[in-house]
Amino acid sequence: MNDIQRFESLKKTIENDPTNFQARRELAVMCLDMGFDSMALKHLNYLANTFPNDANLYFNIGICWEKLKQFKFALNSYKKAVELKEDEPDFIYNLALCYENLGDDDEALMQFKRVVCLESDDSNSFFCIGCLLSKKGDYENAAKCFKKAIEYNFGDYFAHFHLANMYQRLNETDKAVEEYKKVIRLSSDYSWAYFNLGQIFYEKGDIENAIIMLNLTIEKNPKDKEAYKLLIQLYIKTDDLETAVEVLNEMKENLSESGDYYFLYAKIQELKGDKKGYKNCLNLALKNDTSLSFNKYAVMKEFKECPQIEEEKTAEQILPAAEEN
């Protein structure tokens, strides 16, 4: 009998005998596994009314509410589960996650610490504690927690990534580089690791490796706007305007035109000596200021300081000409 057949069989059993609690419990779990969260909740509540001291029922009710994004109801269910079975790490862990989703980081932190007191090798809880401490600005202790998470689960590339980020914040860039490299070895498609390495190399003045890492970032994630921006600026800085234009056009293709796109095109036009293209691109950047992440007032000042030109051109008139130059 496959899952669908078993599902239908359980439904008929309960219709014929609503007090068949074993069948109802099995159906509730099956509904939960199949994504029928509201149906699972209905059966679990029925069972909880009949068996009010069953902690597992309240735990599963909490899972249903959490899947339905009703975190306050989930919290109450997890609290009840923990009240009935206070030494169950899974119950406390889900309770902690619920507090975190509701923005109560202090209570979440306390509950995650309860978990590691019960299970000292719980890598997920150490990871969550690290994230919460990082939010509080306690980077040293956050790093210690991420190290613990890695100690118990070396393959957790998220933990390596967050540890690397803590090293960056603590100005231990060599350690950060090593951790980001571990992330890449564990998950070669994780684009943020390449991007952060690109930033580090850029800050160190290692332009060649910064460019390599940013190109890899875009290869892994063609929608990474920040990677395009930094890479284009690096090509502009090294006077490789032809490649800068190529990357800019790739950015346009994958992300569409934006204030940032026009501003970066303006900088290329300025270096090419195209005063009209430069000013018109600055103007277009300001007209698209909702997608301009560069300092708007600095761009306005730059635009006002441009010499007068005979006519204002549209984007269609400017950009093909810009690409030909």
Side-chain angles (χ1 to χ4, degrees), residues 165 168-169 189-325:
N165 193 254
Q168 267 190 279
R169 293 176 182 275
D189 290 330
Y190 195 60
S191 65
W192 275 104
Y194 296 103
F195 179 75
N196 285 7
L197 279 171
Q199 283 189 316
I200 290 173
F201 288 133
Y202 172 72
E203 290 166 3
K204 284 186 168 186
D206 186 349
I207 303 302
E208 182 180 352
N209 277 316
I211 287 174
I212 290 170
M213 289 299 140
L214 291 168
N215 271 306
L216 283 168
T217 303
I218 293 167
E219 179 185 317
K220 304 299 179 182
N221 179 15
K223 299 291 186 181
D224 193 326
K225 182 180 178 181
E226 294 305 314
Y228 282 115
K229 285 167 54 182
L230 186 53
L231 182 59
I232 292 162
Q233 289 176 90
L234 285 175
Y235 281 129
I236 290 173
K237 187 174 183 177
T238 57
D239 292 322
D240 188 352
L241 302 185
E242 183 177 344
T243 307
V245 170
E246 289 176 5
V247 177
L248 192 62
N249 287 334
E250 185 181 347
M251 176 182 172
K252 174 187 175 182
E253 182 179 343
N254 288 311
L255 295 169
S256 76
E257 296 171 6
S258 64
D260 286 340
Y261 167 79
Y262 290 121
F263 176 74
L264 290 167
Y265 229 133
K267 304 312 290 181
I268 293 171
Q269 296 299 85
E270 181 183 26
L271 289 172
K272 285 184 173 184
D274 184 347
K275 294 179 182 179
K276 289 184 178 180
Y278 168 53
K279 185 169 185 179
N280 278 298
C281 281
L282 285 178
N283 186 38
L284 287 167
L286 292 169
K287 286 181 178 179
N288 291 271
D289 62 348
T290 56
S291 55
L292 178 66
S293 63
F294 295 96
N295 188 300
K296 177 182 175 180
Y297 299 103
V299 178
M300 288 176 65
K301 183 174 183 293
E302 197 171 336
F303 176 72
K304 289 177 181 177
E305 290 174 352
C306 287
Q308 292 295 319
I309 57 176
E310 293 179 2
E311 59 178 340
E312 298 286 341
K313 294 185 178 180
T314 65
E316 290 75 15
Q317 291 173 310
I318 297 167
L319 300 181
E323 291 166 7
E324 289 170 5
N325 288 340

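In this structure, the side chain of Thr217 engages the main chain of Phe195 through a donor-acceptor pair within 3.5 Å. When atom types are taken as modelled, the side chain of Asn215 and the backbone of Ile211 share a donor-acceptor pair closer than 3.5 angstrom.
A pairwise comparison of heavy atoms in Gln168 and Asn196 identifies OE1-ND2, 3.7 Å as the closest pair. Closest non-hydrogen pair, Ser258 versus Asn288, comes out as C-CB, 4.2 Å. For Ile268 against Ala244, the heavy-atom pair with the smallest separation is CD1-CB, 3.9 Å. The two residues Leu241 and Ile236 make their nearest non-hydrogen contact at CD2-CA, 4.2 Å.
Legend: residues meeting side-chain hydrogen bond (donor to acceptor under 3.5 Å, both in side chains) with Asn254, ordered by chain and number and at least two apart, are Tyr228. Phe201 meets the ring-ring contact (aromatic ring centres under 6.0 Å, His included) test with no other residue; sequence neighbours excluded.
In the displayed structure, Lys204 atom NZ is contacted under 6.0 Å by more than 12 heavy atoms of other residues, nucleotides or ligands.
Side-chain contact check for Tyr278 and Glu302: at least one donor-acceptor pair (N or O, by modelled atom type) lies under 3.5 Å.
Distance check: Asn221 CG to Trp192 CH2 gives 8.5 Å after rounding to the nearest 0.5 Å.
With a 6.0 Å cutoff to the six-membered ring centre and a 45° limit on the axis angle, Lys229 does not count as a cation-pi contact of Phe263.
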